Number of protein chains: 2
Amino acid sequence: MDIEKADTKERLLDAAERLFAERGVQETSVREITARAGANLAAVNYHFGSKDDLILAVIARRLGPLNEERLCLLDACEIPGSPLNLTLERALDSFIAPAIRLYLKHPYFMRLAGRIVFTADTQLRRLYITQFEKVYMKMRDLLAKLLPDLPKTELLWRIHFLLGAMINTHTNHADLYELSRGRCGIESVQRVADRLVAFCAAGFRAPVPTHNYPETGEWNDANASPTGGEG
Amino acid sequence: MDIEKADTKERLLDAAERLFAERGVQETSVREITARAGANLAAVNYHFGSKDDLILAVIARRLGPLNEERLCLLDACEIPGSPLNLTLERALDSFIAPAIRLYLKHPYFMRLAGRIVFTADTQLRRLYITQFEKVYMKMRDLLAKLLPDLPKTELLWRIHFLLGAMINTHTNHADLYELSRGRCGIESVQRVADRLVAFCAAGFRAPVPTHNYPETGEWNDANASPTGGEG
DNA sequence: GTCTATAACCTGATAGAC
DNA sequence: GTCTATCAGGTTATAGAC
């Protein structure tokens, strides 16, 4: 079997992934996608049903495996009886490193992923974030064990900071590359996970600013109202 | 003079700011903007010339003052002869606090600002980032003075992390609010600057991961080619 | 300044031939 | 499966009445 060219369906996914990352999801027309994939205008509707379904397929193709790897690595961190307070870096690395590796392999997708988190399209965001919730909760619980003295509210804020730092890293690295005149370039991205882990580990271990509020020990996941309002 | 209602031009800016933040720039039609502003469809073209010029006006109205305040506060940090190594928190606060304050006052704009940084629209991004460069360089130079032992490449990476953490904070705070079941809510956002400063200050002071590369002492701003390519 | 009507264009989706 | 042709609906921008 020759390598030749992939089938139309996969070529459409590749073309859409790249164009969505480069020009935006809403801003990319089906015509552009089919043109780049060397397919006919009707191909998207034939293979995927609609443009929306193509978007879902582009996301699902890579996001599922990414979060599976994270869950697997996070699980491996929980070795009973081991000195937990020494494994903060490992826990953070289990979450961060898979994303950096995927960025090296599929930079267009990871740029697209970051743009989706920061998009105003609530439907698309909701879909993406829903697939992320399991990883989030596992990491949150693991970090809570590793940092038992850190108030829960503070921990959640710091995870929020970590997420921003990581997403900016794999989405807008081109800015840093340009600003640094190539010194923070693609050849050093393999060390980015280490840098980001070091930065965030120190941040998580930082003393809590000033106040000291009463804290409950629960996440309140249980009594969650299904229709939680946004603030 | 009655408060009554602002003039059409300002009502258009307010409506556009909110709709751009909630639904996206490209996704918002002039029809929606004029409808919300209680103006006629032709009003945008009459007052601003085009939709693109309206976008510029929305950004310029608030971004200029924000960066002016940051420059002013960063300047105030440089007091000759003072113990510089104790003012890292103050330097970071000079950059972060104005953004958090603006988020409290105009949340729609700061959400829009974050979305623009993560948009695929290169023209819009370029415009936004250009207005940001002066603040960036001043903060970078100030941090370099405060952290003379930190390699320059490492410093640039850490500023990149800081930017992501801050932008995520004022753009996607609604997610954190929801995930925390209201515990990381709007009533505690006034303390967010302190939290973010503490997190990042610790990150900047963290030991450099492993390697130790030869470092030049310059930023290479001078011999910058005007058409720098993106990586 | 504000409005209506419309031009010129682009979009996603589809019917039907091959 | 792939193609052409086309539909129905949305977009920005503008000309011209008031």
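Please read these numbers as outputs of a predicted model, since none were measured by experiment. The basis for the numbers below is simple: all heavy atoms, side chains too, and nothing from hydrogens, waters or symmetry mates. Lettering of chains follows the sequences in order, A, B, ..., and the numbering in each one begins at 1.
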In whole angstroms, the gap separating P of dT11(D) from CD1 of I33(B) amounts to 11 Å
Rounding to an integer number of Å, can you tell me how far L41(A) CG sits from dT14(C) C1'? 10 Å
Whole angstroms only, please: what is the NE2-C1' distance between H47(A) and dG12(C)? 17 Å
Residues D121(B), R115(B): salt bridge by 4.0 Å N-O rule: no
Any S29(B) side-chain N or O less than 4.0 Å from OP1/OP2 of dG10(D): no
Does F199(B) have R158(A) sitting over its ring (NZ/CZ under 6.0 Å from centre, angle to axis within 45°)? no
Once you round it to whole Å, what is the distance between C1' of dT14(C) and CZ of F48(A)? 18 Å
Between M139(A) and I159(A), which heavy-atom pair has the shortest distance, and what is it? CE-CG2, 3.9 Å
Looking only at side-chain atoms of K51(B), point me to the closest of dT2(C), dA13(D), dA13(C). dA13(D)
Would the number of heavy atoms belonging to other residues, nucleotides or ligands and lying under 6.0 Å from CZ of R61(B) be above 12? yes
Across the strands shown, which category fits T28(A) at heavy-atom distances under 4.0 angstrom: base, sugar-phosphate, nothing? sugar-phosphate
From the set dT6(D), dC3(C), dT4(D), return the single nucleotide nearest to any side-chain atom of N40(B). dC3(C)
Closest-nucleotide 5' rank along DNA chain D - winner of V44(B) and G38(A): G38(A)
Using atom CZ of R23(B) as one end and atom C1' of dG10(D) as the other, report the distance to the nearest whole Å. 14 Å
So if I take every side-chain heavy atom of N45(A) and compare against dA13(D), dT14(C), dT2(D), which nucleotide ends up nearest? dT14(C)
If you find the nucleotide of DNA chain D closest to Q26(B) and the one closest to R31(A), which residue's nucleotide is nearer the 5' end? R31(A)
Within 45° of the axis and under 6.0 Å from the centre of the six-membered ring of W219(B), does NZ or CZ of R181(A) qualify? no
Taken to the nearest whole Å, CD/E10(B) to P/dG1(C) is 15 Å
Can you check the L54(A) CG to dG12(C) P distance for me, whole Å? 11 Å
Could you tell me the separation between the CG atom of D52(A) and the P atom of dT11(C), rounded to a whole number of Å? 16 Å
Per nearest nucleotide of DNA chain C, the residue lying toward the 5' end, Y46(A) or E27(A), is E27(A)
State whether S50(A) places a side-chain N or O below 4.0 Å from either non-bridging phosphate oxygen (OP1 or OP2) of dG12(C). no
